[in-house]
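Working notes, structure below.
Counting starts at 1 for both ligands and their atoms, in listed order. All of these numbers come straight from a predicted model, not from anything done at the bench.
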Amino acid sequence: MRLVLLGAPGSGKGTQAARLRAALGVPHISTGDLLRAAVAAGTPLGQKAKAVMDAGHLVSDDIVLGMLEQRLAQPDARAGFILDGYPRNLAQVQALDALLARMRQPLDAVIKLRVPSAVIIARTELRHRAEGRADDDPATVRKRLAVYAQQTAPVAEHYTRAGTLRLVDGVGTLDEVFARIMAALGEAPAAAAAR
Ligand code: AMP
């Protein structure tokens, strides 16, 4: 299964991707996690990305694509993957299409978790207190939501036009949202999107 998970920051993509990984037996590849690992390791790339991430902006397409390409080349990704946090803009959609075409590994599904902004703001405040992520402070979350609306919303529109997007209500318990995603993966895209 080759799956892309879309949704605003704090929509629950990471949490659900971890569960999907266990259920589907394919790795969870989060570009945010790859970048945070590079920052923690203090690599030149991580040092470059840190300030951009802390400000809530997008890291350059070239850097992220290079990291993703390396990760997808690992043997465990041959069975498939759950991509979380990529693509984030239309240029990344094109880059992913080209990369997967070259690898002869087309996407099977794109899921978008729908969560209202008020819920996102409450969730990221909790995460900020629990995990201390610098980019979860309320002002930076507002910035990240604006970047999402401007640059990432068109990604969902692209996959809607392509007929591959399945919309899932992301409000509810972890179990409820997980069950909805699994149901959407087993359903025809048009039926799920119409809900
Ligand atoms: P996330 O954990 O997905 O919310 O990502 C945290 C931060 O990492 C984002 O706010 C961006 O600064 C950066 N980032 C993650 N994925 C990407 C991407 N696909 N393109 C550009 N920047 C990204």
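Every atom of ligand 1 is numbered from 1 in the order shown, and the set under 4.0 Å from a heavy atom of Gly32 is 2 (O), 5 (O), 15 (C), 16 (N).
Ion pair Asp175/Arg19 flagged as a salt bridge, since at least one NZ, NE, NH1 or NH2 atom sits closer than 4.0 Å to an Asp/Glu carboxylate oxygen. Arg88 has no carboxylate O lying under 4.0 Å from a charged side-chain N of Asp61, or vice versa, which leaves the two without a salt bridge. Arg71 has a carboxylate O that lies under 4.0 Å from a charged side-chain N of Asp76, or vice versa, which qualifies the two as a salt bridge.
Checked options Arg129, Arg127, Arg123; the residue passing with Asp136 is Arg127 (criterion: side chain to side chain donor-acceptor pair (under 3.5 Å)). With Asp137 as the partner, the side-chain contact (heavy atoms from CB on, under 4.5 Å) test is satisfied by one option alone out of Arg142, His128, Lys143: His128.
Between the Thr160 side chain and the Ala156 main chain, a donor and an acceptor come within less than 3.5 Å of each other. At least one donor-acceptor pair closer than 3.5 Å links the side chain of Lys13 to the backbone N or O of Gly7. Of the possible donor and acceptor atoms, one in the side chain of Arg2 sits under 3.5 Å from a partner among the backbone N and O of Pro106.
Among Arg144, Met53, Arg88, Gln151, the residue whose heavy atom lies nearest to atom 5 (O) of ligand 1 is Arg88. Selection from Val52, Asp33, Leu35 by nearest heavy atom to atom 23 (C) of ligand 1 gives Leu35.
Checked by distance only, ligand 1 and Asp135 stay at 3.5 Å or farther apart across all their nitrogen or oxygen atoms. Residue-to-ligand polar distances place Val59 within reach of ligand 1: an N/O pair is separated by less than 3.5 Å. Here's the thing with Ser30: none of its N/O atoms is less than 3.5 angstrom from an N/O atom of ligand 1. For Tyr86, no nitrogen or oxygen atom sits less than 3.5 Å from a nitrogen or oxygen atom of ligand 1, counting backbone and side chain alike.
Closest protein heavy atom to atom 16 (N) of ligand 1: Thr31 OG1, 2.8 Å. From the protein, the heavy atom lying nearest to atom 6 (C) of ligand 1 is Arg36 NH1, 3.5 Å. Closest to atom 11 (C) of ligand 1, if we only count protein heavy atoms, is His57 O, 3.4 Å. In terms of protein heavy atoms, atom 20 (N) of ligand 1 is closest to Gln92 NE2, 2.9 Å. At the shortest separation from atom 19 (N) of ligand 1 among protein heavy atoms lies Gly85 O, 2.9 Å.
Counting heavy atoms of neighbouring residues, nucleotides and ligands inside a 6.0 Å radius, atom CZ of Arg21 does not exceed 12 of them.
For Lys13, the heavy-atom gap to ligand 1 stays at 4.0 angstrom or more.
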